[in-house]
Amino acid sequence: MAPEFFRIGGLFKDPNWGGACVMTPWYYYREYGDVNILRQNFGLMQSYVDHLERRSVNGVLKGYAQMGEWGQLNENTPAALVATCAFYQQAVTLSGIAGILGNIQEEEHYREMGKRIREGFHADAECWQPEKEIYGNGSQASYGCVLFSGIVTPEKKEMALHKLLAAVEERGCHLSSGEVGLKQVFHALASNGENDMVYRMVMNPTAPSYRHHVEQGLTTLPEFWNYTELWNGFGRSRNHAMMGHVKEWLCRFVLGIRPLEPGYKKLQIKPYLQKEITRIKGSVFTIHGTVSLDCSRHDGILEMKTEIPVGTEADIYLPFAEGKCCYLDGMEYIGYKKSQQGYIQLSAITSGIYQWSVK
């Protein structure tokens, strides 16, 4: 609904909640390839993004978002930054949706809106401090949000990534982001080749971390990282999926299965074998069938079994080291090219079950 319909006391205006009317159909389309959901919801998407524009000041949502970076720990990431990043992402996503639907005028309109939001964002001192080259207050979420949304300008992207890494190191690789920023921090790091840093955050033996939750016997996720300090240890909700963004990292970046085209018509398989991880096994069910992976490393030999369903093709990335050879079903395979970060790329692999090895 535009404006937001739901009411939770004084917590109801926020594009990271209301904007689900734009992003949920978009993610559904990416996962299942069903363009009808975009067509059916296009009017609602327009109404909501136009509503946000009317509430913005020079493209920035100042004093609008009531939840901001909910659940952050000992941080004060500006709500204006978090909300405006979401506003920008929804505007450019809507432009892309308009293009898919053949609505050329609307495509251009929302593309230009995105440009105005980005310009206003970088002119706002709460969002960008040019003299210090700091986004927001320099928190993990400040950099995660600008990188994930794409509002960061191309020439500032490398700087923002380095400062995100520094913000994580500054906290001893502990989590500090709330439910909005956490997904964006993980995604910004992993999609830019920094899976090692995400692994260190997730597996940090001291709180706050997912490993610490598990070792404390938790079987569900609390609403806040410092749940033991709140409400005599009850800490609000103790069964809150909002901090579960690690699951996306495990599926998309550790197991490494994700769509390259809507509905997995083309997909990527790129497992992440950190030195402490010796085996990765899992599958994703798509509209074409199951994509599965079983990858293990032992005695200097990598073995990987992949299953690709009929009607799809995959770009497969195999962890690789110089001086070794790639084999398919026991026969040397040379139809690959070297990729970055210790991988070789096997392009356009069609449906079937394949047994790869590197030794």
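Not measured: the values here are computed from a predicted model.
The heavy-atom pair separating Leu147 from Ala188 by the smallest distance is CB-CB, 3.7 Å. For Cys326 against Phe320, the heavy-atom pair with the smallest separation is N-CE1, 4.3 Å. Ala141 approaches Glu69 most closely through the heavy-atom pair CB-OE2, 3.3 Å. Between Pro319 and Leu302 the shortest heavy-atom distance is O-CD2, 3.5 Å. Residues Pro78 and Ser142 approach most closely at CD-OG, 4.2 Å, considering heavy atoms. Minimum heavy-atom separation, Ala65 to Asp14: CB-OD2, 3.2 Å.
Judged purely by distance below 3.5 Å, without hydrogens or angles, the side chains of His174 and Ser209 never pair a donor atom with an acceptor atom.
Looking only at distances, no side-chain donor or acceptor of Ser56 sits under 3.5 Å from a matching main-chain atom of Asn58. Between the side chain of His245 and the main chain of Glu179, a donor-acceptor pair closer than 3.5 Å is present. Panel note: side chain Thr312, backbone Pro309; a donor-acceptor pair is recorded below 3.5 Å. Although no hydrogens or angles enter the test, the distance criterion places a donor-acceptor pair under 3.5 Å between the side chain of Gln274 and the main chain of Glu276.
Ring planes of Trp225 and Tyr210: perpendicular class, angle over 60° (limits at 30 and 60°). Aromatic ring orientation, Phe148 versus His187: perpendicular (interplanar angle above 60°, classes split at 30° and 60°). In this pair, Tyr317 and Tyr343 present their aromatic rings perpendicular. The plane angle is above 60°, beyond the 30 to 60° band.
From Met243, atom CE reaches atom CH2 of Trp70 across 10.5 Å, with rounding to the nearest 0.5 Å. Once rounded to the nearest 0.5 Å, the distance linking CG of Leu175 with CD of Gln72 reads 13.0 Å. Taken to the nearest 0.5 Å, the CD atom of Gln46 stands 11.5 Å off from the CG atom of Asn41. Between the CG atom of Leu52 and the CE atom of Met113 there is a distance of 9.0 Å, given to the nearest 0.5 Å. Atom CD1 of residue Ile349 and atom CG of residue Leu267 lie 11.0 Å apart, to the nearest 0.5 angstrom. For the atom pair CG of Leu164 and CG of Leu189, the computed distance is 4.5 Å after rounding to the nearest 0.5 Å.
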Enumerate, atom names and distances included, each donor-acceptor pair closer than 3.5 Å involving a side-chain atom of residues 25-35, sequence neighbours excluded.
unit_1 : atom_1 : unit_2 : atom_2 : d
Glu31  : OE1    : Arg252 : NH2    : 2.9
Glu31  : OE2    : Tyr264 : OH     : 2.9
Asp34  : OD1    : Asn36  : N      : 3.0
Asp34  : OD1    : Asn36  : ND2    : 3.4

Let me check something: any side-chain donor-acceptor pairs from residues 253-262 under 3.5 Å, sequence neighbours excluded? List them with distances.
none

List the atom pairs, with distances to 0.1 Å, where a side-chain N or O of residues 91-106 and a protein N or O form a donor-acceptor pair under 3.5 Å, not counting sequence neighbours.
unit_1 : atom_1 : unit_2 : atom_2 : d
Thr93  : OG1    : Gln89  : O      : 2.7
Ser95  : OG     : Glu107 : O      : 2.7

What donor-acceptor contacts under 3.5 angstrom involve side-chain atoms of residues 350-359, with partners at least two apart or in another chain?
unit_1 : atom_1 : unit_2 : atom_2 : d
Tyr354 : OH     : Thr350 : O      : 2.8
Tyr354 : OH     : Ser351 : O      : 3.4
Trp356 : NE1    : Thr306 : OG1    : 3.2

Side-chain donor-acceptor contacts of residues 288-296 below 3.5 Å, not counting sequence neighbours, with atom names and distances?
unit_1 : atom_1 : unit_2 : atom_2 : d
His288 : NE2    : Gly263 : O      : 3.2
Ser292 : OG     : Glu307 : OE1    : 3.4
Asp294 : OD1    : Arg279 : NE     : 3.0
Asp294 : OD1    : Arg279 : NH2    : 3.4
Asp294 : OD2    : Arg279 : NH2    : 2.7

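A salt bridge links Glu322 with Lys338: at least one charged nitrogen is closer than 4.0 Å to a carboxylate oxygen. Between Arg116 and Glu119 there is no salt bridge, since no side-chain nitrogen of the basic residue lies less than 4.0 Å from a carboxylate oxygen of the acidic one. Of the charged side-chain nitrogens involved, at least one lies within less than 4.0 Å of a carboxylate oxygen, so that Glu126 and Lys62 count as a salt-bridged pair.
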*Any chance you could lay out the side-chain contact (heavy atoms from CB on, under 4.5 Å) test for Val180 and Trp17, step after step, and finish with the verdict?*
CA-CA 9 Å; Val180 176; Trp17 277 256; 3.8 Å; yes

*Using the side-chain contact (heavy atoms from CB on, under 4.5 Å) rule, take Cys127 and Val60 through it: C-alpha gap first, then chi angles, then the decisive distance, then the call.*
CA-CA 9 Å; Cys127 298; Val60 179; 4.2 Å; yes

_Residue pair Tyr227, His213: steps toward the side chain to side chain donor-acceptor pair (under 3.5 Å) verdict_ = CA-CA 10 Å; Tyr227 68 98; His213 279 350; 4.8 Å; no

*Could you walk me through whether Lys337 and Ile344 pass the side-chain contact (heavy atoms from CB on, under 4.5 Å) check?*
CA-CA 6 Å; Lys337 64 179 181 181; Ile344 55 173; over 6 Å; no

*Chi angles and distances behind the side-chain contact (heavy atoms from CB on, under 4.5 Å) call for Gln345, Ile316*: CA-CA 6 Å; Gln345 180 180 346; Ile316 297 176; over 6 Å; no

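Counting heavy atoms from C-beta on, the side chains of Leu221 and Asn239 never come closer than 4.5 Å. Side-chain contact between Tyr327 and Tyr333 is absent, with no heavy-atom pair separated by less than 4.5 Å. Looking at Asp50 and Tyr110, their side chains come closer than 4.5 Å, going by heavy atoms from C-beta outward. Taking the side chain as every heavy atom from C-beta outward, Arg39 and Ile37 never approach each other to under 4.5 Å. Residues Gln129 and Glu133 fail the side-chain proximity criterion, which asks for heavy atoms closer than 4.5 Å. Using a 4.5 Å heavy-atom cutoff, the side chains of Met45 and Leu38 are in contact.
The number of heavy atoms from other shown groups lying within 6.0 Å of CD (Glu170) does not exceed 12. Annotation for Lys324: atom NZ counts as buried by contact number, over 12 foreign heavy atoms lying within 6.0 Å. Shown here is Asp196, whose CG atom has more than 12 heavy atoms of other residues, nucleotides or ligands within 6.0 Å. Counting non-hydrogen atoms of neighbouring residues, nucleotides and ligands closer than 6.0 angstrom, the CD atom of Glu155 exceeds 12 such neighbours. No more than 12 heavy atoms of other residues, nucleotides or ligands shown are found within 6.0 angstrom of NZ on Lys157.
In this structure, the ring of Phe87 has its center no less than 6.0 angstrom from the ring center of His51. The distance between the ring centers of Tyr143 and His162 does not fall below 6.0 angstrom.
Among residue pairs with one or both ends in residues 210-219, those qualifying as salt bridge (Lys or Arg N to Asp or Glu O under 4.0 Å) are Arg211-Glu215; sequence neighbours excluded.
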